[in-house]
Amino acid sequence: LLASADTLEETAIGLTSGQTEKISFGLGPLPASVLIAELHQLTTAGQLRLGILVQAGPWLLERLNSGSIEFAICVSGAINPRSHLVHHDLGEFGLDMRVREGHPLLSLPSIRRQDLLQYPYLAGGYTADVRKNIESPTSMRVDPVFYCDDYHALAKIVRDTDAVCAFAST
């Protein structure tokens, strides 16, 4: 979602010419879990500073409305359409189920839904669009016992326990 196509275009022109000093924008938690490390690479030349706010869609919408961020990147449905916003689909993230190294599920020849039910399932605060894909009849739907938008915390829990969690494919 973009607060202003003109502002984004000016920012992009500034980026390519090396004239933009700082860009402030928002990322939803799932895109942030994938993009933050890549975005850091843009600052290594020393000509650009990024101000990145990681929050859920409704809070990013408030920041867009106040003008404190120039644009936001969120999963589909995280910010409801508004007449003053321009929306562009940038791509898709796949979701992978992840477990810690040495997890008992990794020793199974194939994993069934009943196998997953033996372990706590964690999830981020998905939007309805993402949830629809996770809970499709062809998937092994498991209801999360714990929701959290902090993907670093979820990763730590997965590393330290037998929990299973869906993360964005990288």
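Note that the structure is predicted; figures quoted are calculated from it, not measured. The basis for the numbers below is simple: all heavy atoms, side chains too, and nothing from hydrogens, waters or symmetry mates.
Side-chain contact between His103 and Asp162 is present, with heavy atoms from C-beta onward closer than 4.5 Å. For the pair Thr161/Arg100, no side-chain contact is recorded, criterion being any heavy-atom separation below 4.5 Å from C-beta on. Using a 4.5 Å heavy-atom cutoff, the side chains of Asp149 and Leu30 are not in contact. A 4.5 Å side-chain heavy-atom check between Pro29 and Tyr151 finds at least one atom pair inside the cut-off. A heavy-atom distance below 4.5 Å is not found between the side chains of Glu92 and Leu90. Counting only heavy atoms from C-beta outward, the side chains of Val164 and Tyr121 approach each other to under 4.5 Å. Under the 4.5 Å side-chain criterion, counting only non-hydrogen atoms from C-beta, Phe25 is in contact with Leu39. Arg63 has its side chain within reach of Ser68: a pair of non-hydrogen atoms, C-beta onward, lies under 4.5 Å apart.
Atom CD of Gln114 has more than 12 heavy atoms from other residues, nucleotides or ligands within 6.0 Å.
For the atom pair CG (Leu116) and CG (Leu105), the distance works out to 6.0 Å, reported to the nearest 0.5 Å. Distance check: Arg98 CZ to Leu122 CG gives 13.0 Å after rounding to the nearest 0.5 Å. Atoms CG and SG, on Leu64 and Cys74 in that order, are 7.5 Å from each other to the nearest 0.5 Å. A distance of 8.5 Å separates CG of Leu50 from OG of Ser24, quoted to the nearest 0.5 Å. Interatomic distance, Glu62 CD to Gln55 CD, rounded to the nearest 0.5 Å: 8.0 Å.
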Check your understanding: Under the side chain to side chain contact (heavy atoms under 4.5 Å, CB included) criterion, do Ile111 and Arg113 qualify, and how do the steps go?
Key -> CA-CA 7 Å; Ile111 299 172; Arg113 183 176 185 276; over 6 Å; no
Check your understanding: Step by step, would you call Val54 with Ile36 a side chain to side chain contact (heavy atoms under 4.5 Å, CB included)?
Key -> CA-CA 10 Å; Val54 179; Ile36 291 272; 4.2 Å; yes
**Study point:** Derivation and outcome, side chain to side chain contact (heavy atoms under 4.5 Å, CB included), residues Ile23 and Glu70
**Key:** CA-CA 7 Å; Ile23 300 173; Glu70 298 175 44; 4.2 Å; yes
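The minimum heavy-atom distance between Val158 and Cys165, with the atom names listed, is CG2-CB, 3.6 Å. Pro31 approaches Ile73 most closely through the heavy-atom pair CG-O, 3.8 Å. The shortest heavy-atom contact between Gly28 and Leu60 is N-CD1, 3.7 Å. Pairing each heavy atom of Val34 with each of Glu38, the nearest pair is O-CG, 4.2 Å. Residues Asn65 and His84 share a closest heavy-atom pair of OD1-NE2, 2.5 Å.
Checked by atom type and distance alone, the side chain of Asp160 never pairs as donor or acceptor with a backbone atom of Ile157 at under 3.5 Å. Here the side chain of Asp89 pairs no donor or acceptor atom with the backbone of Gly91 at under 3.5 angstrom.
Linking ILVMFWY residues whenever their side-chain heavy atoms come closer than 4.5 Å, directly or via other members, leaves Trp59 and Leu27 in distinct clusters.
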